[in-house]
Amino acid sequence: MSDAKQPIWLRCEKKPFEHRSALTPTTAKTLLDNGFDVYVERDPQRIFDDEEFEKVGCKIVEHNSWPQAPVEIPIIGLKELPESTEPLPHTHIQFAHCYKQQGGWNDVLRRFAQGKGTLYDLEFLEDPETKRRVAAFGFHAGFAGAAAGCLAYAAQEEDGGKGVLKGLKPYPNETAMVNQCREAIENTKGGLENVKVLVIGALGRCGSGAVDLFRKVGIKEENIVKWDMAETAKGGPFQEILDVDIFVNCIYLSQPIPKFITSEFMAEAGEGRRLSVIVDVSCDTTNPHNPIPVYSINTTFPEPTVEVDTKGVGKRCTVISIDHLPTLLPRESSEQFSTDLLPSLLQFPQRATAPVWTNAEKLFKTKLEEARQEDERLGVKA
């Protein structure tokens with residue numbers, strides 16, 4: 001690395017209830033030791049205190065001040081920026097959720113085009129050899145999603161099936177989460193012995209996290225149904241989903257596929273349907289190819305579930321569609337993600353020749369052109 005230091009700016013997270021961080025004091029210290037200048041915005045909702053970053057040598061800057069940062073400093077964060085029409089002149093490293101034509105995707109990319117900024121989407125930073133993401137929250141997303149599913153199932157078993165899960169909050173550690181889930185299900189009429197779950201995408205990071213949670217809670221191994229591509233190849237809708245209490249969807253949707261389940265399919269099952277909780281960890285809510293088209297909104301930690309329209313037939317069913325589930329375990333998930341991302345960040349000063357960054361920039365330019373063409377089709381001025 002040259003003598004010139006590489007700056008990087010950790011912005012605050014503006015998404016409500018988001019407590020994770022793209023950098024941690026541990027990974028920030030490693031960057032500092034390798035010739036980086038690390039700026040950290042004050043953030044009262046981040047799981048790591050500002051003082052933890054200051055202690056390792058980071059420069060603390062004002063909350064949400066990144067728009068005034070020198071344009072040559074890259075801005076790193078996790079969740080998407082608040083909606084706006086302001087042009088984006090900086091380089092941003094973040095999850096932007098706009099490459100799969102999600103709702104408002106071209107609005108996001110238009111801001112980069114107008115500001116002549118660059119987006120390195122964390123979802124698409126890939127190891128050039130394995131073609132796998134260099135860092136992902138998948139395991140903790142599945143783990144936390146399965147936990148939320150357990151709590152929703154237990155809540156719905158209360159009050160004659162009328163109970164509603166309210167107010168999910170981050171846990172101090174994994175043990176506290178597992179213990180609460182175990183206790184909640186043990187207190188249901190059927191107890192742990194009779195709960196049956198299905199995880200689709202069980203071989204991936206996310207699915208393995210969901211399976212791990214169910215095992216640690218104490219659900220019997222034979223009652224944890226694990227599906228992946230081989231089992232879904234026949235095409236849905238799937239009766240097997242209706243035959244479990246909790247269904248957790250962990251697939252990565254990259255192309256249109258047959259629907260896993262529909263409201264009509266659920267209604268046809270009538271009183272024979274066992275399913276009462278769907279956890280859509282994949283959360284492709286606005287994707288036109290969502291294989292679980294039984295809901296239309298993302299849910300939140302204060303209101304974790306949304307009711308499925310079962311056409312008035314059979315028991316209640318709810319969906320959990322929270323798109324930042326790993327923040328239920330913010331410290332562990334941040335440490336794991338940031339540690340995995342660190343080798344790529346250390347290559348950032350050589351991004352002009354480092355494949356993980358050159359490939360991500362090439363993809364950005366491709367998506368930028370797709371957005372330009374969409375604006376042209378819609379008659380929107382760039």
Side-chain angles (χ1 to χ4, degrees), residues 136-157 165 168 174 177-178 180-182 184-185 188 192 194-232 236-253 257 259-262 265-266 273-285 287 290-295 298-299 301 304-306 308 316-329 333:
F137 283 100
F139 181 87
H140 285 99
F143 195 94
C150 288
L151 297 175
Y153 168 76
Q156 286 170 215
E157 290 292 293
L165 177 64
L168 284 177
E174 177 186 300
M177 173 183 276
V178 170
Q180 184 178 1
C181 291
R182 181 186 299 118
I185 292 185
T188 62
L192 278 169
N194 296 303
V195 174
K196 189 173 184 180
V197 302
L198 167 62
V199 178
I200 295 185
L203 297 181
R205 287 168 168 156
C206 180
S208 64
V211 171
D212 190 48
L213 181 282
F214 287 135
R215 284 174 175 158
K216 287 178 175 175
V217 165
I219 294 175
K220 294 190 298 185
E221 189 66 31
E222 60 267 31
N223 283 346
I224 304 175
V225 183
K226 298 174 282 290
W227 277 21
D228 212 89
M229 293 178 67
E231 289 80 7
T232 59
F238 299 112
Q239 175 63 40
E240 291 89 341
I241 294 176
L242 304 183
D243 294 337
V244 300
D245 298 295
I246 305 170
F247 160 46
V248 184
N249 178 45
C250 295
I251 70 160
Y252 180 79
L253 184 62
I257 59 175
K259 306 305 182 189
F260 289 168
I261 192 169
T262 65
F265 186 63
M266 295 175 68
R273 172 175 53 83
R274 180 170 178 171
L275 179 69
S276 61
V277 176
I278 299 170
V279 185
D280 192 3
V281 181
S282 300
C283 230
D284 284 303
T285 314
N287 191 313
N290 181 11
I292 309 173
V294 298
Y295 72 102
N298 283 353
T299 59
F301 290 136
T305 62
V306 60
V308 174
R316 285 175 59 217
C317 183
T318 63
V319 176
I320 294 171
S321 57
I322 299 171
D323 65 1
H324 55 140
L325 281 163
T327 202
L328 286 176
L329 285 174
S333 63

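Because the structure is predicted, anything quoted here is derived from the model rather than measured.
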Tell me the closest heavy-atom pair linking [X] and [Y], and the distance in Å.
X: A210; Y: C250; answer: CB-SG, 4.3 Å
X: V217; Y: C181; answer: CG2-CB, 3.7 Å
X: L213; Y: C150; answer: CD1-SG, 4.0 Å
X: Q156; Y: S276; answer: NE2-O, 3.0 Å
X: K196; Y: D243; answer: CD-O, 3.9 Å
X: A154; Y: T188; answer: CA-CG2, 3.7 Å

Gap between atom [atom2] of [Y] and atom [atom1] of [X] - 0.5 Å precision:
X: W227; Y: T232; atom1: CH2; atom2: OG1; value: 8.0 Å
X: K226; Y: I200; atom1: NZ; atom2: CD1; value: 13.5 Å
X: L275; Y: L198; atom1: CG; atom2: CG; value: 9.0 Å
X: C206; Y: Y252; atom1: SG; atom2: OH; value: 13.0 Å
X: I219; Y: R182; atom1: CD1; atom2: CZ; value: 10.5 Å
X: D280; Y: I320; atom1: CG; atom2: CD1; value: 10.5 Å

Flag the pair [X] / [Y] as yes when at least one side-chain heavy-atom distance between them is below 4.5 Å, and no otherwise.
X: L325; Y: F143; answer: no
X: V279; Y: V248; answer: yes
X: F214; Y: N223; answer: no
X: I261; Y: M266; answer: yes
X: C317; Y: I278; answer: yes
X: I292; Y: T262; answer: no
X: V319; Y: T305; answer: no
X: C283; Y: N298; answer: yes

Looking only at atom types and distance, does a side-chain atom of [X] sit under 3.5 Å from a main-chain N or O of [Y], one as donor and one as acceptor?
X: E174; Y: L329; value: no
X: S333; Y: P326; value: yes
X: T299; Y: S321; value: yes
X: D228; Y: A202; value: yes

Worksheet item: Do the ring planes of F260 and F247 sit parallel (below 30°), tilted (30 to 60°) or perpendicular (above 60°)?
Response: perpendicular
Worksheet item: How are the rings of F301 and H324 set relative to one another: parallel (under 30°), tilted (30 to 60°) or perpendicular (over 60°)?
Response: tilted
Practice prompt. Can you tell me which residue pairs pass the salt bridge (Lys or Arg N to Asp or Glu O under 4.0 Å) test with a partner in residues 198-213, sequence neighbours excluded?
Written response: D212-K216
Worksheet entry | Counterpart residues, salt bridge (Lys or Arg N to Asp or Glu O under 4.0 Å), relative to E240 (two or more places apart) | K234
Any residue meeting side-chain hydrogen bond (donor to acceptor under 3.5 Å, both in side chains) with [X], in chain and number order, not counting sequence neighbours:
X: E231; result: none
X: E222; result: none
X: D245; result: R274
X: K259; result: none

Worksheet entry | Intermediate values then yes/no, side chain to side chain contact (heavy atoms under 4.5 Å, CB included), L151 and L168 | CA-CA 9 Å; L151 297 175; L168 284 177; 3.8 Å; yes
